[in-house]
A.B. asks: 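The structure under discussion is supplied below as C-alpha cells; questions concerning it will follow.
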Protein chains: 2
Amino acid sequence: MSRCVLGPARAVGTDKEAAMSLRYGLLGLLAEGPASGYDLARRFQEVLGRIWPAQHPKIYAELRRLADDGLIEVDSEGPRRRTAYRITESGVAEIRRWLAEGDVDHTMRLQPLLRSLFFWLMEPDDLDRHLRREVEFYSGMAEQYSAYAERKDRGEFGTAPPVQSMRVTIEAAVRLSQALADWARWASEHQPPAGHPSTE
Amino acid sequence: MSRCVLGPARAVGTDKEAAMSLRYGLLGLLAEGPASGYDLARRFQEVLGRIWPAQHPKIYAELRRLADDGLIEVDSEGPRRRTAYRITESGVAEIRRWLAEGDVDHTMRLQPLLRSLFFWLMEPDDLDRHLRREVEFYSGMAEQYSAYAERKDRGEFGTAPPVQSMRVTIEAAVRLSQALADWARWASEHQPPAGHPSTE
DNA sequence: TGATTACATGTCCCTAGGTACATGTCCTTT
DNA sequence: AAAGGACATGTACCTAGGGACATGTAATCA
C-alpha cells in the first residue's frame with residue numbers, strides 16, 4: 001500500500017494484494033443473487049452512482065475474468081442476449097476472505113478534498129455556493145439510499161438473501177450521508193470572516 | 001466527468017477540464033507561501049497523509065510543468081540543492097478560477113466503500129474488528145488535524161498569510177473527521193444481528 | 001415496414017497514479 | 001577521512017480507470 005512516499009525505502013514486500021476493488025464489488029453484488037452485466041451496472045449506478053461511476057466496459061471485462069477464475073459461473077443465457085452470472089462457492093469464500101483480510105486503504109481522491117482545504121482562498125460568494133451544493137449533494141445521497149432501501153424492501157431486486165442485515169447497511173449509509181450534509185451545513189454557517197487575502 | 005456510464009451517449013463536449021488534482025493541490029499550497037518540492041511532499045504527508053499519499057516523483061514532475069506554464073516561478077536556489085518555488089499572479093488567478101468553477105467531482109475510491117456496502121457478508125467478529133479500526137482511523141485523523149493546526153499557530157510553517165481563515169479550515173477538517181468517527185461508532189453499536197447467510 | 005429508441009455487450013486508447021529504483025548532497029559520527 | 005544516514009530530486013515502468021466509439025438485438029410507433 002502506497003510506497004514511494006517520502007524518505008528512504010522502508011523494507012516491504014510487494015503487495016499485489018488489495019485493490020482489485022471492482023472485482024470484489026461485483027463479487028459482493030453477485031452474492032446477493034444472480035445478475036447480468038447490465039443489471040450490475042445499473043445496481044452500481046443506483047446505489048453508488050453519485051460517488052462511484054460504474055463503467056460497463058470494465059464490468060464486462062472483469063466478469064469474464066471472474067468466470068475464468070471459477071469465482072462465478074453462467075446462470076442462464078436468457079433471451080435478449082442477456083447472460084446472467086451466479087456466484088460459486090469459491091466466489092463466496094473469496095469475498096469473505098477479502099473482507100476479513102487486513103487493512104482498508106483509506107486513500108481518497110484529491111479533487112473533492114481540495115475545495116475544503118482551500119476554503120481560505122475562495123471568494124466568499126463562491127465558498128457559499130460551494131457549501132450549499134455540498135449540503136444538497138450529501139442530502140441527495142441520503143435520499144438516494146433511502147429510496148434504494150424501499151425498493152429493496154418491496155422485493156424489487158428479486159431473490160436477494162434474507163435482508164435483515166442489508167437494511168442495517170443501508171441505514172448506515174443514510175446516516176453517513178446525513179452526517180456529511182450536517183458537516184457541510186455547519187461549515188457554511190462558520191465561513192471565514194471577510195478579509196481573506198486577495199490577489200494583492 | 002464520468003461518461004461511459006450506462007445508456008446511450010448523452011450529448012456532451014469533451015471536458016479535458018477538471019481533474020488535474022495534484023496540479024491544483026500544489027498551486028494551493030504554494031499560495032500559502034514559497035516552498036520546495038520536498039516541503040510540499042512533507043506538507044501533503046502531514047495534513048493529508050492518511051487519506052492521500054503524496055508521491056514525490058509526481059510532485060516534482062508537476063512542479064516543472066507548472067513552472068513551464070508560468071503559474072509558479074523559482075523563488076530561490078537555496079543551498080543543499082533545494083529549489084523553492086513561488087506562486088505567480090497568474091497562478092493565483094488560475095487556482096481561484098478553478099475553485100470558483102463548476103462542479104466538484106465526488107467520485108471516491110471503491111475499496112473503502114465496499115467494506116461498508118458488504119457489512120452483511122462479514123462474520124460478526126470481522127465486522128466488529130473492522131468498525132473498531134474505522135473509529136480509530138477517523139479519530140486519529142481528527143487528532144492529526146488538530147496537531148497541524150497547533151503547529152501552524154506556532155508559526156512553524158514560516159510566512160503563511162494571515163491565517164484567521166486557515167484556522168476555520170482546519171477546524172472544519174477536525175469536525176469532519178469526528179463526524180466520521182461518530183458514524184463508525186454508531187455503526188459498531190448497531191451491527192446486524194447474527195443469522196447472516198453462511199456459505200450454505 | 002422502416003425508423004427510432006432502449007437494451008446489451010463489446011474494442012481500443014490514453015492518462016493519472018502507484019511503485020521500484022537510481023542518484024546526488026550535506027551533516028553527523030567514529 | 002571514511003562511512004552511514006537523512007535530505008532532496010529524479011527516471012522509468014506498469015496498471016487501473018476513464019471515456020470515445022462500434023455493434024448487435026428487440027420493442028415501439030408512425
Side-chain angles (χ1 to χ4, degrees), chain A residues 1-26 35-45 51-65 67 74 76-85 105 107-111, chain B residues 1-26 35-45 51-65 67 74 76-85 105 107-111:
Chain A
M1 206 171 287
S2 72
R3 247 34 70 53
C4 197
V5 171
L6 277 187
R10 279 140 301 177
V12 269
T14 35
D15 51 341
K16 288 298 175 198
E17 271 299 329
M20 297 278 73
S21 328
L22 179 55
R23 185 183 189 79
Y24 293 103
L26 293 171
S36 71
Y38 193 80
D39 291 336
L40 292 166
R42 277 226 328 280
R43 290 259 276 292
F44 261 123
Q45 187 58 27
I51 45 180
W52 195 80
Q55 286 162 353
H56 63 268
K58 297 298 155 182
I59 290 179
Y60 292 119
E62 194 60 51
L63 282 174
R64 257 171 293 149
R65 230 169 299 143
V74 173
S76 62
E77 292 270 12
R80 298 196 56 170
R81 217 171 157 228
R82 190 183 187 116
T83 322
Y85 293 94
D105 174 5
T107 304
M108 311 185 79
R109 311 226 170 209
L110 247 196
Q111 211 239 3
Chain B
M1 206 171 289
S2 75
R3 245 37 69 55
C4 197
V5 172
L6 275 188
R10 279 139 301 177
V12 268
T14 34
D15 51 340
K16 289 297 176 200
E17 272 299 329
M20 295 278 78
S21 328
L22 179 54
R23 185 184 188 80
Y24 292 102
L26 292 171
S36 70
Y38 193 81
D39 291 336
L40 293 165
R42 278 227 327 282
R43 291 260 279 290
F44 263 123
Q45 186 58 26
I51 43 178
W52 194 80
Q55 287 159 353
H56 63 267
K58 295 300 155 182
I59 291 178
Y60 292 119
E62 193 62 49
L63 282 174
R64 256 170 294 147
R65 229 168 301 144
V74 172
S76 63
E77 290 270 12
R80 300 196 53 169
R81 215 171 158 226
R82 191 186 187 112
T83 321
Y85 293 94
D105 174 6
T107 305
M108 312 185 81
R109 309 224 173 212
L110 247 197
Q111 211 242 359

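Since this is a predicted model, take the numbers as computed values, not measurements. Throughout, protein chains are lettered first and strands after them, A, B, ... in sequence-line order, and every chain is numbered starting at 1.
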A.B. asks: Between B:Leu110 and B:Ser36, which is nearer to the 5' end of DNA chain D once each is assigned its nearest nucleotide?
C.D. replies: B:Ser36
A.B. asks: Give, for atom CG of B:Leu63 and atom CG of B:Leu22, the distance between the pair rounded to the nearest 0.5 Å.
C.D. replies: 8.0 Å
A.B. asks: Counting side-chain heavy atoms from CB outward, which of D:dG10, D:dC13, D:dG19 is closest to B:Lys58?
C.D. replies: D:dC13
A.B. asks: Between D:dG17, C:dT9, D:dC7, which nucleotide has the shortest distance from any of its atoms to the side chain of A:Ser21?
C.D. replies: D:dG17
A.B. asks: State whether A:Gln55 places a side-chain N or O below 4.0 Å from either non-bridging phosphate oxygen (OP1 or OP2) of D:dG18.
C.D. replies: yes
A.B. asks: Side chain of A:His56 only, heavy atoms from C-beta on: which candidate in D:dT9, D:dC21, D:dT11 is closest?
C.D. replies: D:dC21
A.B. asks: Ignoring backbone atoms, test whether A:Tyr60 places a side-chain nitrogen or oxygen under 4.0 Å from the OP1 or OP2 oxygen of C:dT9.
C.D. replies: yes
A.B. asks: Output the rounded distance in Å from CD (A:Gln45) to P (D:dG18).
C.D. replies: 12 Å
A.B. asks: With respect to the side chain of B:Pro57, which nucleotide from D:dG18, C:dA20, C:dG10 is positioned closest?
C.D. replies: C:dA20
A.B. asks: Measure the distance from CZ on B:Arg64 to C1' on D:dG10 and round it to the nearest whole Å.
C.D. replies: 7 Å
A.B. asks: How many Å lie between CG on A:Leu22 and P on D:dG18, as a whole number?
C.D. replies: 10 Å
A.B. asks: Nearest 0.5 Å, what's the CG-NE2 distance between B:Leu40 and B:His56?
C.D. replies: 13.5 Å
A.B. asks: Excluding sequence neighbours, so at least two apart, what forms ring pair (Phe, Tyr, Trp, His ring centres under 6.0 Å) with A:Phe44?
C.D. replies: A:Trp52
A.B. asks: If I take atom CG in residue B:Asp105 and atom C1' in nucleotide D:dG18, what distance separates them, rounded to the nearest angstrom?
C.D. replies: 11 Å
A.B. asks: What's the closest nucleotide to the side chain of A:Tyr38 if the choices are D:dG10, D:dC21, C:dC7?
C.D. replies: C:dC7
A.B. asks: Rounded to the nearest 0.5 Å, what's the gap from CZ on A:Arg64 to OG1 on A:Thr83? Could you check?
C.D. replies: 10.5 Å
A.B. asks: Rounding to a whole Å, what distance do you find between A:Glu62:CD and D:dA16:C1'?
C.D. replies: 10 Å
A.B. asks: Whole Å only: how far is the CG atom of B:Leu40 from the C1' atom of D:dC7?
C.D. replies: 15 Å
A.B. asks: Return the set of residues passing salt bridge (charged side-chain N to carboxylate O under 4.0 Å, His left out) with B:Arg65 (not counting sequence neighbours), or none when no residue passes.
C.D. replies: B:Glu62
A.B. asks: Just the rounded figure in Å: distance from C1' of D:dT9 to CG of B:Leu26.
C.D. replies: 15 Å
A.B. asks: Rounding to a whole Å, what distance do you find between A:Arg23:CZ and D:dA16:C1'?
C.D. replies: 14 Å
A.B. asks: Would you say B:Arg42 places a side-chain N or O within less than 4.0 Å of OP1 or OP2 belonging to D:dA6?
C.D. replies: no
